[in-house]
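Note sheet for the following structure.
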Amino acid sequence: VQLQASGGGLVQAGGSLRLSCVASGPTASMHAIGWFRQAPGKEREFVAAIGWAGFSTFYGDSVKDRFAISRDTAKNTVYLQMNSLKPEDTAVYYCAAAGAPIAAPELYGNWGQGTLVTVSS
């Protein structure tokens, strides 16, 4: 499966952005998809994940109640709706594929190229 992330940009604190992760390839619909982020000088952080059918979701503590992950199986696209953004949400956001919606980045593969989100104060 190949993954392409998009939708990043510059937004003011309190604003919203929606990221997209398009999956392609013969097994595109068979993987859980996770979103991770990495800020300069920091380790990669788990953001959210969703199961292959879209029914199971899992969020990192720092984004719970602000971000929402969803999946359009017909379009093989996973969305990350980010609301009430904070400057500390600034990072490169990546999507990746796994067998289940889990938080451990080492269990993911097929990482997309990343999309930069910058939140100004």
Open item on the list: Counting only heavy atoms from other residues, nucleotides and ligands, does the tally under 6.0 Å from CD of Glu43 exceed 12?
Closed with: no
Open item on the list: Once you measure the plane-to-plane angle for Trp111 and Tyr94, does it fall in the parallel (<30°), tilted (30-60°) or perpendicular (>60°) bin?
Closed with: perpendicular
[X] to [Y] - nearest heavy-atom pair and separation:
| X | Y | value |
| --- | --- | --- |
| Ala48 | Leu80 | CB-CD1, 4.1 Å |
| Ser84 | Ser16 | N-OG, 4.4 Å |
| Ala53 | Thr73 | O-CG2, 4.3 Å |
| Leu3 | Gln113 | O-OE1, 4.2 Å |
| Cys95 | Ala5 | SG-CB, 3.9 Å |
| Thr115 | Gly7 | OG1-N, 3.9 Å |

Task: Nearest-0.5 Å distance that lies between atom OG in Ser120 and atom CD in Gln12 - done: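 Answer for the OG-CD pair, Ser120 versus Gln12, is 5.0 Å.
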Task: Gln81 CD to Ser70 OG distance, which is reported to the nearest 0.5 Å - done: 8.0 Å
Task: Min side-chain heavy-atom separation Phe58-Phe46 under 4.5 Å - done: yes
Task: Heavy-atom side-chain contact between Asn110 and Gln2 under 4.5 Å - done: no
TODO: Show which residues join Met30 in its hydrophobic cluster (side-chain heavy-atom contacts under 4.5 Å, direct or indirect), or state none.
DONE: none
